[in-house]
Amino acid sequence: MKILKIKPLEIFQVSEIVVLDRICLGGIWTAEGYLREINSPNSSLLTLSFWDEETKNSNSKEKIVGVACLWSILEEAHITLLGIHPDFRQQGLGTLLLLSLLEDAIARNLFRATLEVNVNNIKAINLYRKIGFEIAGKRRRYYQSTGEDALVLWLNKLQNYSFKKSLAEWQKDLESTLGKNNYCWHGK
């Protein structure tokens with residue numbers, strides 16, 4: 001069983017995150033960018049890591065497999081990145097990070113969330129739509145490295161009781177999905 005942990009990125013992990021960023025996201029941010037986010041009170045920069053339960057008492061270290069960030073701008077949570085190492089995709093880990101960001105946005109008393117996603121990233125688009133994000137527009141040639149377009153997605157109901165209730169239900173359902181993939185997650 002792999003024990004999952006979500007926590008803020010720490011300075012000593014920046015070089016590891018920069019490598020993960022290159023693998024997952026094509027190198028969106030530099031080490032300086034991550035350091036800036038660590039020090040910003042308006043950012044939530046989270047890592048998703050795990051360790052094997054059988055080896056946690058040995059000298060094995062946690063393996064960081066995901067990273068996510070949001071910026072708190074007035075009443076809006078702008079999700080700036082969400083990435084899972086390719087070897088760990090389609091196991092519920094991206095959903096876990098997304099729900100953690102939205103939970104943080106609610107705690108910050110933010111009312112809306114927005115993000116950009118590559119028009120060709122159908123799996124991510126489907127995840128965001130499942131959570132309630134709606135397509136608000138398109139940014140042409142948004143991704144400088146590839147020239148590909150991005151969809152702009154919005155979620156306008158973070159503080160609604162019904163959304164908070166759905167969020168709790170998704171988190172509970174996710175525990176089952178994670179368990180089937182040999183992960184253990186029990187919230188914060």
Side-chain angles (χ1 to χ4, degrees), residues 4-50 61-105 107-108 110 112-155 158:
L4 295 170
K5 181 185 273 188
I6 294 179
K7 62 182 183 178
L9 179 67
E10 297 184 53
I11 291 173
F12 74 90
Q13 298 171 311
V14 168
S15 60
E16 186 177 357
I17 283 297
V18 169
V19 171
L20 182 65
D21 180 311
R22 276 190 231 120
I23 293 168
C24 297
L25 306 166
I28 292 178
W29 288 352
T30 63
E32 293 77 21
Y34 280 103
L35 289 169
R36 187 173 46 251
E37 297 306 314
I38 288 171
N39 293 315
S40 172
N42 296 322
S43 284
S44 293
L45 179 55
L46 304 176
T47 62
L48 172 62
S49 59
F50 71 84
K61 70 175 204 164
E62 293 179 20
K63 178 174 180 63
I64 297 176
V65 297
V67 62
C69 184
L70 73 73
W71 293 341
S72 175
I73 304 169
L74 301 175
E75 296 179 340
E76 176 188 313
H78 184 92
I79 298 174
T80 56
L81 60 89
L82 188 138
I84 299 293
H85 190 285
D87 293 345
F88 298 93
R89 291 182 181 157
Q90 300 302 301
Q91 299 177 33
L93 301 178
T95 303
L96 179 59
L97 268 177
L98 176 61
L99 296 180
S100 296
L101 283 179
L102 295 174
E103 189 175 46
D104 184 74
R108 287 175 175 262
L110 304 176
R112 293 173 294 285
T114 186
L115 57 87
E116 290 87 11
V117 61
N118 188 307
V119 295
N120 298 314
N121 192 344
I122 302 304
K123 291 178 181 175
I125 293 167
N126 288 339
L127 167 62
Y128 297 134
R129 304 265 331 246
K130 175 184 165 191
I131 302 301
F133 282 87
E134 296 177 357
I135 296 172
K138 185 184 284 189
R139 296 192 196 280
R140 301 263 181 227
R141 301 185 56 78
Y142 181 76
Y143 297 98
Q144 295 176 357
S145 61
T146 63
E148 293 177 299
D149 298 342
L151 293 176
V152 179
L153 303 181
W154 280 89
L155 177 64
L158 292 180

- Pairs involving residues 5-19, ordered by first then second residue, that meet side chain to side chain donor-acceptor pair (under 3.5 Å) (sequence neighbours left out):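 Pairs touching residues 5-19 that pass the test: K5-E62.
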- Flag, side chain of T146 to backbone of E148, donor-acceptor distance under 3.5 Å: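 Yes, T146 side chain to E148 backbone: donor-acceptor pair under 3.5 Å.
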- Message: Using only atom types and a distance under 3.5 Å, with no angle test, would you say the side chain of T47 pairs donor to acceptor with the backbone of V67?
- Response: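 No; zero donor-acceptor contacts below 3.5 Å.
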- Message: Applying salt bridge (charged side-chain N to carboxylate O under 4.0 Å, His left out) as the test, list every pair that has at least one member in residues 35-49; sequence neighbours left out.
- Response: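 Every candidate salt bridge (charged side-chain N to carboxylate O under 4.0 Å, His left out) pair involving residues 35-49 fails, so no pair, neighbours aside, qualifies.
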- Task: Only pairs at least two apart or in different chains count here, so list each ring-ring contact (aromatic ring centres under 6.0 Å, His included) that has a residue in residues 116-145.
- Result: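 Residue pairs with at least one partner in residues 116-145: Y128-F133.
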- Pairs meeting criterion ring-ring contact (aromatic ring centres under 6.0 Å, His included) with involvement of residues 30-49, two or more places apart: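 Listed by first then second residue: W29-Y34.
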Quiz: residues 73-88 side-chain donor-acceptor pairs under 3.5 angstrom, not counting sequence neighbours:
unit_1: H78; atom_1: NE2; unit_2: E116; atom_2: OE1; d: 3.4
unit_1: T80; atom_1: OG1; unit_2: C69; atom_2: O; d: 3.4
unit_1: H85; atom_1: ND1; unit_2: D87; atom_2: N; d: 3.0

- Atom CD1 in I17, atom SG in C24: separation rounded to 0.5 Å?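 It comes to 8.5 Å.
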- Quick one: pull up CD1 in I64 and OG in S49 and give me the separation to the nearest 0.5 Å.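 The CD1 atom of I64 sits 6.0 Å away from the OG atom of S49.
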- Looking at residues at least two apart in the chain, or sitting in another chain, which of them share a side chain to side chain contact (heavy atoms under 4.5 Å, CB included) with L46?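 Counting only residues at least two positions away or on another chain, L46 forms a side chain to side chain contact (heavy atoms under 4.5 Å, CB included) with I6, L97, S100, L101.
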- side chain to side chain contact (heavy atoms under 4.5 Å, CB included) involving N121 - partner list, sequence neighbours excluded: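 Checked N121 against side chain to side chain contact (heavy atoms under 4.5 Å, CB included); matches are V117, N118, K123, A124.
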- Flag for N42-S72: side-chain donor and acceptor within less than 3.5 Å: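 The answer is no; no qualifying pair exists.
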Student check: side-chain heavy atoms of [X] and [Y] closer than 4.5 Å:
X    : Y    : result
W154 : E134 : no
T114 : L153 : no
L48  : L4   : yes

- In chain order, what residues pass the side-chain hydrogen bond (donor to acceptor under 3.5 Å, both in side chains) check against T30, with sequence neighbours excluded?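 If we apply the side-chain hydrogen bond (donor to acceptor under 3.5 Å, both in side chains) test to T30, skipping adjacent residues, the hits are E32.
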- Taking only residues two or more places apart in sequence or in another chain, which ones pass side-chain hydrogen bond (donor to acceptor under 3.5 Å, both in side chains) with R140?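 Per chain and number, R140 pairs via side-chain hydrogen bond (donor to acceptor under 3.5 Å, both in side chains) with D149.
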- Nearest heavy-atom neighbours spanning A113 and L102: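 Closest approach of A113 to L102, heavy atoms only: CB-CD2, 4.1 Å.
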- Query: With sequence neighbours excluded, what pairs up with R89 under the salt bridge (charged side-chain N to carboxylate O under 4.0 Å, His left out) test?
  - Reply: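 Per chain and number, R89 pairs via salt bridge (charged side-chain N to carboxylate O under 4.0 Å, His left out) with no residue.
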